[in-house]
Amino acid sequence: MNLVFEDRAATGRNRPLRALAAGSVGNFIEWYEFAVYGFVATVVAERFFTPEGGSAAEGLVRTYASFGLAFFFRPLGAALFGRLADRHGRRPVLILVVALMTGATALIGLLPTYAQVGAAAPWLLTFLRMVQGLSAGGEFGGAVAVLTEYAPPGRRGLYGAWQSFTVALGLLGGVGVAVGLSVLLTDHQFASWGWRLPFLLALPLGALALWLRAGLDETPEFREPAVTRVRVPAGAIALAAGRVTGWSAAGYTFLVVLPSYLQTTLHTGFRAALLATALANLGFAAAILPAGLLSDRVGRRPVMLAGAGLVVLLALPLLNLLQDAGTSGAVKGAALCGAGVLVGLMAGPGPALLAGMFPARTRCTGLGLAYALSNAVFSGCAGLIITEAVRRTGNPDVPGYYAAAACAVSVLALLAAPRRKAG
């Protein structure tokens, strides 16, 4: 894999490697935090959403409702910050959104619980989740624009894939911290105060991101004078959102919601559930950069079609392997890695595909809205829909049906538009 980064900045300060780091680090923080929230959802449910004598299942549903609400603020953040980035530049917006994300994440680690302040606790947590949603909505468009606009010719797929790769690193970082704390601390210590530590770790990470982005110049494409103001067509946003629907839904189903599903539905232990999720995320991480590089050679759509189509065919069989008590641990581990690989096939080319659908002066707004809308509906609601559907129907196959249906939508969207040359 060729990872040679050329210096294209006129000043010499902003080599593509620095731009890659500055564009990617915010994604790492964002997805680290969202991963941590998903991985400790059962603890958060008990501390913030379950009054004394309340149902643990209902508390988990409320926790995922708060989780999902943050995603519905992403489109608002994408529209607001995307417009600012398209008009005034990527750099100031990327600095602002990472500062908001870091502050809100750290404050979650300091919040009082339901037992301490009563009904105010879930409202305070939900407010901080909304701030995170706003900042995350602005993060994706700006970061992908920086990564792809600094990419050398014929390498947009590889450079854009780093956005997804740092998502994988963030998810792995979240599960790694959660597993480490669960090993080092007793169950009582983790539930009492240990769950706060992963959120507080956002502070040093955010400081690093701010330092990297403070030294970032505007991208070459943005510095080119705009001939005329271009509107973002709603049809292009809808098509782009449909193309990444499977990536969003399957990604959250297999990479984030899985721990709670394994614990509440299959009665797997907390540590075992986190280990299973780590395996899925390792498969995801391993596939992303090769998929991005492959998309530079054969096109974005064929690679994404392969991933989405395979999820349609294999989501339910993979889930059934996890449910079968007679399946060996090695086979289950391979199934989990395989599920992650399928998501990686979509996530690798995804950022470059979205970037190629919009011109530079509407890129942050267009791709940010498309990604935010698909995530709001199919990612943010994944935990709530799956948990509530399993609770009401008693059908443990719900996650498989959910991921397969969303990927079927992506298959249709990827086939719908005229073929474009990979950029």
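Position 1 is the first residue of the sequence, and the numbers go up from there.
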Between [atom1] of [X] and [atom2] of [Y], what distance do you get to the nearest 0.5 Å?
| X | Y | atom1 | atom2 | result |
| --- | --- | --- | --- | --- |
| Ser374 | Arg74 | OG | CZ | 9.0 Å |
| Leu169 | Phe284 | CG | CZ | 9.5 Å |
| Leu319 | Leu336 | CG | CG | 10.0 Å |
| Phe378 | Trp247 | CZ | CH2 | 15.0 Å |
| Ser164 | Ile288 | OG | CD1 | 5.5 Å |
| Ile386 | Arg391 | CD1 | CZ | 15.0 Å |

Has [X] got a side-chain atom pairing as donor or acceptor with [Y]'s backbone, closer than 3.5 angstrom?
| X | Y | answer |
| --- | --- | --- |
| Gln189 | Thr186 | yes |
| Arg156 | Ala151 | no |
| Glu388 | Ile385 | no |
| Tyr32 | Leu201 | no |

Within a strict 4.5 Å, meaning less than it, do heavy atoms of the [X] and [Y] side chains meet?
| X | Y | value |
| --- | --- | --- |
| Thr102 | Leu205 | no |
| Phe254 | Asn281 | no |
| Thr148 | Leu354 | no |
| Thr166 | Val25 | no |
| Leu293 | Arg155 | yes |
| Trp162 | Asn27 | no |
| Arg196 | Ile108 | no |
| Val177 | Leu197 | no |

Ser295 versus Arg300, side-chain donor and acceptor atoms under 3.5 Å: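 Looking only at side-chain atoms, Ser295 and Arg300 do form a donor-acceptor pair, the distance falling under 3.5 Å.
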Any donor-acceptor N or O pair under 3.5 Å, side chains Thr362, Asp86: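 Side-chain D/A pair, Thr362 to Asp86: absent.
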For the residue pair Phe199 and Trp195, categorise the inter-ring angle as parallel (less than 30°), tilted (30 to 60°) or perpendicular (more than 60°).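 Taking Trp195 first and then Phe199, their aromatic rings stand perpendicular (interplane angle over 60°).
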Take the angle between the ring planes of Phe140 and Tyr371 and call it parallel below 30°, perpendicular above 60°, tilted in between.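 Plane angle under 30°, so parallel.
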I'd like to know whether Leu208 forms a side-chain contact (heavy atoms from CB on, under 4.5 Å) with Trp211, so could you lay out the CA-CA distance, the side-chain angles of the two residues, the decisive distance to 0.1 Å, and finally the verdict. CA-CA 5 Å; Leu208 173 63; Trp211 174 75; 4.2 Å; yes
Of all pairs that satisfy side-chain hydrogen bond (donor to acceptor under 3.5 Å, both in side chains), the ones with a partner from residues 130-146, not counting sequence neighbours: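 Of all non-adjacent pairs touching residues 130-146, those that pass side-chain hydrogen bond (donor to acceptor under 3.5 Å, both in side chains) are Glu33-Gln132, Thr105-Gln132, Arg129-Gln132, Glu139-Arg213.
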Shortest non-hydrogen contact between [X] and [Y], atoms and distance:
| X | Y | answer |
| --- | --- | --- |
| Val398 | Ala389 | CG1-CB, 3.8 Å |
| Gly118 | Pro122 | O-CD, 3.7 Å |
| Gly348 | Ala291 | CA-CB, 4.2 Å |
| Gly26 | Val98 | CA-CG2, 4.2 Å |
| Ile29 | Ala209 | CD1-CB, 3.8 Å |
| Gly157 | Ala352 | CA-CB, 3.7 Å |

Please walk me through it: do Ile237 and Met357 pass side-chain contact (heavy atoms from CB on, under 4.5 Å)? CA-CA 9 Å; Ile237 294 175; Met357 294 181 68; over 6 Å; no
From the options Leu345, Leu415, Leu310, select the one residue that forms a side-chain contact (heavy atoms from CB on, under 4.5 Å) with Leu305.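 In the set Leu345, Leu415, Leu310, the residue that makes a side-chain contact (heavy atoms from CB on, under 4.5 Å) with Leu305 is Leu415.
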Worked check of side-chain contact (heavy atoms from CB on, under 4.5 Å) between Arg90 and Cys364: CA-CA 8 Å; Arg90 284 57 164 130; Cys364 291; 3.5 Å; yes
Would Tyr150 and Leu20 count as a side-chain contact (heavy atoms from CB on, under 4.5 Å) if you check the C-alpha gap in whole Å, the side-chain angles of each, and the deciding distance to 0.1 Å? CA-CA 8 Å; Tyr150 264 110; Leu20 189 152; over 6 Å; no
Exercise answer: donor-acceptor pairs, residues 404-414 side-chain atoms, under 3.5 Å, sequence neighbours excluded:
from: Ser410; atom 1: OG; to: Gly242; atom 2: O; distance (Å): 3.0
from: Ser410; atom 1: OG; to: Arg243; atom 2: O; distance (Å): 3.2
from: Ser410; atom 1: OG; to: Thr245; atom 2: N; distance (Å): 3.3
from: Ser410; atom 1: OG; to: Gly246; atom 2: N; distance (Å): 2.7

Crowding at CH2, Trp193 (>12 non-hydrogen neighbours, <6.0 Å):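 More than 12 heavy atoms, drawn from other residues, nucleotides or ligands, come within 6.0 Å of this atom.
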